[in-house]
Each structure stands twice: as C-alpha cells, then as structure tokens.
Amino acid sequence: MHMQERRPIALHTKIFIGLVLGATAGAIAQSLAKQGTWFTKDQLEAFAKNYASPIGSIFLYLIFMIVVPLLMSALVLGVAEIGQARKFGRIGVRSLLLTIVLSGIAVVIGLVAVNVVRPGDQISGAQKPALIARYRDPERAQKYLDDAKKTPEDPPLLGFIPKNPIKEIARDGLLPFMFFALMFGLALAAIEPERALPVKAFFDGVFAASLKIIDWAMRLAPYGVFFLIFAITAQFGLELLKAVGIYAVLVLAALALHLFVVYPIVLKFIAKRDPVQFFRQIRTVMLTAFATSSSNATLPIALETAQRDLGLPKDISSFVLTVGATANQNGTALFEGITILFLAQMFGVDLTLLQQLQVMGLAIVAGIGTAGVPGGAWPFIASVLVMLKIPPEGIGLVFGIDRLLDMSRTVLNVTGDLTIAAAVSAMEGETEHEVAPSFA
Ligand code: ASP
C-alpha cells in the first residue's frame, strides 16, 4: 500500500498506459467477437458505441466546457498586455508582426505537410466507410445540414464580427468570439489603467480557475483514453494506430523543419546572429521546455538566458518573453493545423480550401490564446473540431501519444519567443550580443 506513495506515476505515463491497454483490450475484444463464442460483433459494437465511447468522452466534455472562459481570459489578458506596451509601441507592434508571420509560416508548413502525406488516409479503403458511418450518425448529419442552411444574412467578410457575442458562443462560433475577446483586450489597454485593473484581475482569476478545471479533466484522461481507444480498436482493429504513428512522425518532421530552417533564417537575416551559436546558447531553455512541456514553466530560465547568454536588453527581452510565453506559440499553431486536418482526413470530412484557410487563421489567433501549460492546445483543437463537424471523440486517437508531441512543440514555442526577442532587439539597434563571446 505504501509502495506508490513516494513515486506517483506521471500523468503522461498513465495516459500512455491507457492507450496501450485500451488498444490491447480492443484488439482482443475484436478477435473474440470474430469467433463469436462470448459475444457477437454487433454486441461489441453496441457496447463500444453506447458505453465505452461516452464514458471515454467525459474528460473531453470537461475540456469543451472550459473553452469559452479559458480563451476569453487568455486572449483578453494577452492582448491587453501587448496593447499596454504603449511606451514600447514599436516593440509591441514588431513583436506582434513577427509573431503573426512566424505562426503563419508554421501553420502553412503543417497544412502543406498534412495535405501531401495525408496520414489520415492510411487506413484501408474498406475500413474508412465504417469509421465514418460509426462517427457520423444520420441525426447529427441532418442537424449539421440544417445548420449549414441557416446562412447568415451578413456579407461574408463581416461574418466574423459578432452582433451578439453570447449568441455566437452558443453557436460554437469560435472566430467571432475570438474577435470579440481581442477587441475587448485592446479596449482594456486603451482605458485608464486604474479602471482596467479590476477587470484584468477578474480575468486573471477566470484564467486560473479554467486551468484548474483542465487539470481535473486531465486526471481523468488516462481512463478516458483507455475507453476511447478501446471503442475504436474494438471495431477497427490496430490498423488505425498505424495512421496515428505516421501522423506523429509527420508532426515531428514539420516541427523540425520550422525549428531548423525557419528560425535560423530569421536569426541570420533579422537578428544578425549565428544560428548554431544561438541554439547552443539557449540549449538549457530548449531542454527545460522539452522536459516540462510548458512555456510558462520555462519562462524564468528563458529570461535569464536572454540576458546572461544572449546579451539581450532587459526591457525588450522581459517584455517579449513574458508576453510570448502565452502569446507566441509557433509549435502549437503548427501542431493544431496538422491535427485538425489529420482528424478530418480520418473521418472523411473534406475540408474546402476556404475551410482550411479558416483553420489556418484560427490556429494563428489561437496561438495567442493557448495557455503555456502541458496540453494547452487541446481546448482549442476540440472546439475547432466541433465547429468543422469532425467527431471530437477522434481526439482519443491522438491523445495517447500527445506527451511527446507536446514536449517537442513546446521547444519551438519557447525558441520562437527567444528568436523574436533577438530579432526585435536587433531591429531596435539595441543588441548587446557583440559583448558575448561569439564565433569563438
Ligand atoms: N505545452 C504547450 C506550451 O506550454 C502548449 C500546447 O501546445 O499544448 O507551450
């Protein structure tokens, strides 16, 4: 009884165990159903659909529940912070532009990669219709069709400005809602600080409470993943997991491309630094990001490294890094793009070019609204899936291996912040890196 007390199993290990056990149990159940001695295929299917899947989805629904307050508070605070840097006007604008450009490139890399490799098409032709049918019941399909018919009378360009934000939230209108939060944050930065302060304190509390709920939801995740994966493999066998493996390799390759090609270009041409030396100087930061999966947890070390090893001016680096820990997440943006499209492919949801562009825009904005904590990307992914009519239960498929991907994308998130800090410092002509030993 006392054995486990000292060394509790880490959550991500438990989630992984949930994945392996769920897949094994599912595969065994599938082969037993084929023999038909204990239960039939239909019975197994009914069990998977009516029990395993709903039980497994509980933690996902908790995550859905918290999307609105989490995004609202994170975006409002993030934007208010950037906007308030009025004395840093130019630095704020430059950081924001670089954030948007780098996140944009990251998402494009992700979208191109997933469209070229199409990991979601890896499952065999025969299984795909079954998978789609299983997750897209006619009632839902009809509801979606009805929704789609209700075309808003607004011209398309204005569709993202909500007339009534509360109504938009109820309709899963993520983009208009994000727009509302962005405007609100800007306004908060524009009014007198004394009056903005209590509102910011309020959102700070909302943010902290939202993170707490995610924390609770995540504790259920290992069990949820077990049931979700069981339900999926019981019906479709292990072949599905092959697609997930290819997806994971694709995510890692795309992240590596951004890390080792895009950042060095910015470093060399804008920050005027030697990329190899830069990476060497920040290696502890990268390792910490990898180990903790959290931009926030890595922030103190990033701040120290920026000033001590990179010789960046204190005011610029503190500002860019602090805001960037939540507001600049290139790795996450790239990951979100790939994951949403991968699941769309798996479930046979054909996204039009316009919808893909919408995913891209959303992922860039979501980079600002994603909390710098392990698994911070999921609330956003979950709600975009719902918006695009992709069965969110599919998350169970990729959740089991998320820890490794989370560790890796967090490295990019943090490296991106440091890259932008170095670039902005160089643009300001304030870089002190010549002082540090270089090209030794
Ligand atoms: N773990 C990431 C971070 O802290 C967020 C995420 O992508 O889930 O930067």
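Start at 1 and go down the list; that is how both ligands and their atoms are numbered.
With a heavy-atom cut-off of 4.0 Å, Ser293 touches ligand 1 through its backbone alone.
The shortest distance between side-chain heavy atoms of Leu310 and Arg273 falls below 4.5 Å. The side-chain heavy atoms of Leu404 and Leu252, taken from C-beta on, include a pair separated by under 4.5 Å. When side chains are defined from C-beta on, Ser210 counts as touching Val206, because their heavy atoms get closer than 4.5 Å. Taking the side chain as every heavy atom from C-beta outward, Gln307 and Leu312 never approach each other to under 4.5 Å.
Interface of Gly372 with ligand 1, defined as ligand atoms under 4.0 Å from a residue heavy atom, comprises 3 (C), 4 (O). Proximity to Gly375 (heavy-atom distance under 4.0 Å) selects the following atoms of ligand 1: 8 (O). For ligand 1, the atoms sitting less than 4.0 Å from at least one non-hydrogen atom of Thr332 are 5 (C), 6 (C), 7 (O), numbered in the order shown with element in parentheses. When each atom of ligand 1 is checked for a heavy atom of Val373 under 4.0 Å away, the hits are 1 (N), 2 (C), 4 (O), 5 (C), 8 (O).
Between Phe335 and Tyr247, the ring planes are tilted. Angles from 30° to 60° get that label.
The nearest protein atom to atom 2 (C) of ligand 1, hydrogens excluded, is given as Thr410 OG1, 3.4 Å; this is a heavy-atom distance. Looking only at protein heavy atoms, the nearest one to atom 1 (N) of ligand 1 is Asp406 OD1, 2.7 Å.
Using a 4.0 Å cut-off between charged side-chain N and carboxylate O, Lys200 and Asp204 make no salt bridge.
Between Asn296 and ligand 1, no N or O atom pair is found at a separation short of 3.5 Å.
Residues Trp378 and Phe59 keep their aromatic ring centres 6.0 Å or farther apart.
When the heavy-atom distances from atom 3 (C) of ligand 1 to Ser295, Ala289, Ala333, Ser408 are ranked, the shortest goes to Ser295.
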